Colleague: 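Below is the structure I would like to discuss, written out as structure tokens.
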Amino acid sequence: MKTRHIILPLLCICTATAAQNNSEHHHAEDSTDVFFNHLQLNELTVTGVTGDTKLKHSTAPVSIVTPKVLRATASTNIIDAIAHQPGISQLTTGGSISKPIIRGLGYNRVVVMSEGVRQEGQQWGDEHGVEVDGSSVNSVEILKGPASLMYGSDAMAGVVIMHPQPTLPQGQMKATVSSEYQTNNGLFAYNLSMAGHQKDFVWDARFSDKMAHAYQNKYDGYVPGSQFRERAGRLMLGMNSSWGHSRLLWTCYHLTPGIIEGERDAETGLLECSTDDVKTYGKALPFQQVKHYKLVWDNSLTLPTGYLKAIVGYQQNCRQEYEESADEYGIFLKLHTLTYDLRYVTHEWDGWKLSTGIGGMYQQSDNKGEEYLIPDSRLFDFGLYATASKSLSEQWTLNGGLRYDHRRLHGYELMDDGALRFADFTRHFNGMTGSLGAVCNISEHFNLRMNLARGFRTPNMSELASNGVHEGSIRYEIGDRRLKAEYSLQADLGIDFTSPYVSAQIALFANRIDNFIFTHRLDEVVEEGYLTYAYTQGNAQLLGFEAGADFHPIHSVHFSNTFSMVDARQMHAAPEAKYLPFTPAPRWSSELKWELMHHSHSTVNHHHAAPAVRRWPFNNLYVAAGLDCYLKQSHIYSADNTETATPAYALLSLAAGTDIQVKGRKIAEVYVTADNLLDKAYQNHLSRLKYADDNRVTGRRGVFNMGRNITFKVVVPIDITAVR
């Protein structure tokens with residue numbers, strides 16, 4: 001496939017596509033340290049959503065999760081798989097629901113891009129995860145910091161970009177079969193895929209299935225309601241040619257997660273269960289039913305002076321909640337989303353690259369159930385933007401851009417049992433955002449990055465108009481139609497160092513957010529059995545950094561360390577309310593990795609290696625030991641007992657993996673990972689289950705995270721072209 005050359009925008013959005021195809025580099029994908037990827041990619045041309053450039057020219061902080069790292073990582077969903085990256089956390093509800101948190105900010109402040117369009121699935125909800133099949137994701141890049149310039153409202157904290165498998169070269173056909181098993185929750189998953197490229201016609205078909213029963217830990221035993229079932233399918237058909245490409249993509253995602261209520265027997269302290277078999281793979285009340293469908297038409301046209309790209313996507317998200325009966329749902333939210341993006345990008349001339357475009361979306365959200373939290377609503381927005389990049393010399397590169405956004409929100413009136421639950425209203429929001437950045441390649445080993453960006457986010461319908469019981473938060477929520485849009489101003493400063501034996505990076509940031517929206521508790525009780533919370537806003541300040549170093553004194557040994565922290569405060573607030581809720585605890589991660597055997601296929605096939613080496617069936621064989629240390633989090637929003645402090649804890653892990661090959665041809669990849677090896681009982685500060693019922697027998701509050709878990713994974717690639 002011919003690579004389309006496009007512009008590096010202000011935020012320098014890069015992908016790992018080039019990294020995964022680079023087999024020439026002597027360090028190709030042999031380290032799981034994210035900072036080492038900067039060293040690996042420094043000499044590579046990286047083609048992304050909006051440009052081709054070198055990662056060393058990126059002015060904003062970017063983390064890249066390569067295909068090899070994703071396959072070797074044990075997880076229960078795609079956000080869980082990337083949450084170990086510096087500055088990245090996850091807000092969890094059991095094993096199946098995870099929400100990305102970037103530098104202390106989440107929910108509608110993080111945009112998730114999947115299949116080239118923004119993922120939309122009522123992401124304002126505590127118990128609403130990301131409806132993306134992890135097996136269809138080839139690599140992930142994470143932009144940390146305001147990205148409103150390219151993505152409009154909501155990209156205030158950053159963007160998680162999930163890249164699918166790249167199209168195959170002309171004349172190739174390949175298939176993949178993979179399977180996975182986890183011991184703690186009995187998770188069993190398999191994935192089938194086949195792709196090809198024949199005479200300019202490209203296709204990719206995939207199907208995956210995953211099921212898990214309740215997980216366990218040594219304090220709670222098995223946790224009822226933590227079981228889930230996930231099924232997904234994907235089909236891509238398209239044309240690749242010298243004029244560009246046109247592709248049509250369809251995805252289907254079904255998730256049936258249980259709902260963990262955390263209620264306990266007063267005498268025994270055991271968690272109550274609605275079924276006799278706590279290890280069932282089937283449905284057990286209460287549970288959710290989530291269905292997400294996506295249709296994307298992606299087009300690119302090559303022009304003499306640049307290229308024109310147009311992408312249109314339609315999504316339908318259906319979310320049902322079953323409480324009393326498996327045949328009757330209480331809440332049923334149905335969301336339709338139409339997204340569009342049209343951009344023109346010039347070729348480079350005299351060091352300049354320019355791009356301009358328009359993008360936006362239309363949404364329709366309807367209540368189909370008998371219980372209500374938010375009104376029926378409609379949303380329409382659009383944004384106009386332009387970016388420029390200028391290479392001043394071999395050392396200096398400047399990036400800049402401006403964007404204008406307009407969003408219209410309309411909520412419809414609803415009468416419930418003769419009383420007005422939702423009033424009819426309309427809000428208009430306008431936002432002007434921009435960024436300015438520079439990178440200086442001080443020397444062959446040092447890079448200096450600087451970026452200043454303004455972010456923008458409008459209130460969502462939940463914040464504006466909630467009036468009902470939010471089962472996911474176990475509280476009654478009241479919105480405020482007078483809320484203003486959030487604006488942020490963030491400064492980033494980063495320094496990278498690379499050498500044959502050490503690679504290191506530090507990234508500092510300071511973020512000021514005006515009109516930050518959050519909830520606070522009211523004294524009145526609107527509905528018996530639920531505390532009442534209302535949305536309000538104030539000003540916030542977030543300061544923090546990520547630092548990392550990878551020591552590799554010899555090629556086969558890597559000792560990587562990363563540390564990340566964020567201090568998030570509400571300005572001019574009372575002492576018990578000065579810290580923002582759900583701020584991740586400081587985290588130090590360390591890994592010692594030994595690559596026992598690593599050689600390229602070309603070495604096996606063409607070099608004169610010893611006969612014993614040629615017959616050895618393993619390649620890329622490694623063993624690794626990891627330690628994740630979470631420090632005590634005492635910077636909490638303690639007003640109204642909203643949050644409690646979380647003690648420090650450490651988790652030990654072991655991992656091993658290898659490629660199995662016959663006559664120099666890879667026939668399988670095998671991975672074994674043991675997480676929480678010492679079976680530590682702990683509660684992550686961002687786990688919502690931390691605030692479930694008290695155990696009156698032990699005095700402990702809430703539900704604990706998963707105990708020891710061993711994962712076995714096998715990936716079998718099949719080269720159909722070679723078989724033919």
Side-chain angles (χ1 to χ4, degrees), residues 76-77 80 91-98 126-127 129 181-188 211-229 255-289 321-326 330 469-475 528-531 630 641-647 649 651 675-710:
T76 54
N77 59 72
D80 185 30
L91 181 70
T92 62
T93 306
S96 61
I97 299 175
S98 298
D126 285 335
E127 74 285 20
Y181 177 74
Q182 297 184 9
T183 59
N184 187 288
N185 58 356
L187 184 148
F188 173 72
M211 64 188 77
H213 61 63
Y215 75 79
Q216 62 176 322
N217 59 66
K218 68 180 183 180
Y219 282 172
D220 301 313
Y222 286 97
V223 178
S226 59
Q227 73 276 3
F228 65 92
R229 181 70 182 266
L255 175 66
T256 306
I259 296 177
I260 306 172
E261 296 183 304
E263 297 178 350
R264 297 182 182 272
D265 183 275
E267 295 183 1
T268 66
L270 298 177
L271 290 167
E272 295 181 353
C273 184
S274 63
T275 178
D276 294 332
D277 184 10
V278 74
K279 296 175 66 176
T280 180
Y281 286 92
K283 300 175 182 177
L285 293 170
F287 66 90
Q288 292 187 67
Q289 180 71 56
E321 186 175 295
Y322 297 82
E323 300 174 14
E324 305 297 334
S325 168
V469 174
H470 191 177
E471 295 290 350
S473 302
I474 319 177
R475 62 193 188 189
E528 193 66 31
Y530 295 92
L531 298 176
Y630 293 80
N641 199 28
T642 300
E643 278 192 305
T644 58
T646 304
Y649 61 91
L651 303 177
D675 289 314
N676 193 3
L677 187 65
L678 302 181
D679 201 24
K680 174 74 173 179
Y682 71 98
Q683 290 176 320
N684 187 285
H685 186 68
L686 299 187
S687 171
R688 295 178 50 254
L689 304 180
K690 183 172 176 278
Y691 302 99
D693 282 358
D694 293 336
N695 187 330
R696 297 184 181 180
V697 176
T698 64
R700 304 185 187 99
R701 181 185 180 185
V703 176
F704 284 71
N705 287 72
M706 186 183 294
R708 182 189 299 114
N709 186 34
I710 302 176

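A quick note: this is a predicted structure, and the numbers were derived from the prediction, not measured. In what follows, every heavy atom counts, from backbone to side chain, and hydrogens, waters and symmetry copies are set aside.
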Colleague: Considering residues at least two apart in sequence or located in another chain, which fulfil the side-chain hydrogen bond (donor to acceptor under 3.5 Å, both in side chains) criterion with Thr280?
Modeller: none
Colleague: State which residues pass side-chain hydrogen bond (donor to acceptor under 3.5 Å, both in side chains) with Asn676; sequence neighbours excluded, sorted by chain then number.
Modeller: none
Colleague: Quick one: list whatever passes ring pair (Phe, Tyr, Trp, His ring centres under 6.0 Å) with Tyr281, sequence neighbours left out.
Modeller: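 Counting only residues at least two positions away or on another chain, Tyr281 forms a ring pair (Phe, Tyr, Trp, His ring centres under 6.0 Å) with His213.
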Colleague: Does Pro224 have any side chain to side chain contact (heavy atoms under 4.5 Å, CB included) partners at least two apart in sequence or in another chain, and if so, which?
Modeller: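 Applying side chain to side chain contact (heavy atoms under 4.5 Å, CB included) to Pro224 gives Leu271, Cys273, Val278.
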Colleague: Indicate yes or no: at least one non-hydrogen side-chain atom of Tyr219 is less than 4.5 angstrom from one of Thr698.
Modeller: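 Result no, sub-4.5 Å side-chain heavy-atom pair not found.
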Colleague: Tell me every residue that passes side-chain hydrogen bond (donor to acceptor under 3.5 Å, both in side chains) with Gln683, counting only those two or more places apart in sequence or in another chain.
Modeller: none
Colleague: With a cut-off of 3.5 Å and sequence neighbours excluded, list every side-chain donor-acceptor pair involving residues 699-706.
Modeller:
from, atom 1, to, atom 2, distance (Å)
Asn705, OD1, Asn684, N, 3.0

Colleague: Taking atom CG of Leu678 and atom OH of Tyr649, what is their separation to the nearest 0.5 Å?
Modeller: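 Spacing of CG (Leu678) from OH (Tyr649) equals 14.5 Å.
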Colleague: I'd like to check the side chain to side chain contact (heavy atoms under 4.5 Å, CB included) partners of Ile710; sequence neighbours left out, ordered by chain and number.
Modeller: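 Thr183, Val672, Ala674, Phe712.
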Colleague: Which residues pass the side chain to side chain contact (heavy atoms under 4.5 Å, CB included) test with Thr93, not counting sequence neighbours?
Modeller: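 Testing Thr93 for side chain to side chain contact (heavy atoms under 4.5 Å, CB included), a comparison that skips the adjacent residues, returns Ile97, Arg688, Leu689.
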Colleague: Partners of Arg264 by salt bridge (charged side-chain N to carboxylate O under 4.0 Å, His left out), sequence neighbours excluded?
Modeller: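 Arg264 satisfies salt bridge (charged side-chain N to carboxylate O under 4.0 Å, His left out) with Asp220 only.
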Colleague: For Glu261, check side-chain hydrogen bond (donor to acceptor under 3.5 Å, both in side chains) against everything at least two apart and list the hits.
Modeller: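 Testing Glu261 for side-chain hydrogen bond (donor to acceptor under 3.5 Å, both in side chains), a comparison that skips the adjacent residues, returns none.
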Colleague: Mind checking what makes ring pair (Phe, Tyr, Trp, His ring centres under 6.0 Å) contact with Tyr691, not counting sequence neighbours?
Modeller: none
Colleague: Taking only residues two or more places apart in sequence or in another chain, which ones pass side chain to side chain contact (heavy atoms under 4.5 Å, CB included) with Thr92?
Modeller: Gln90, Ser98, Ser687
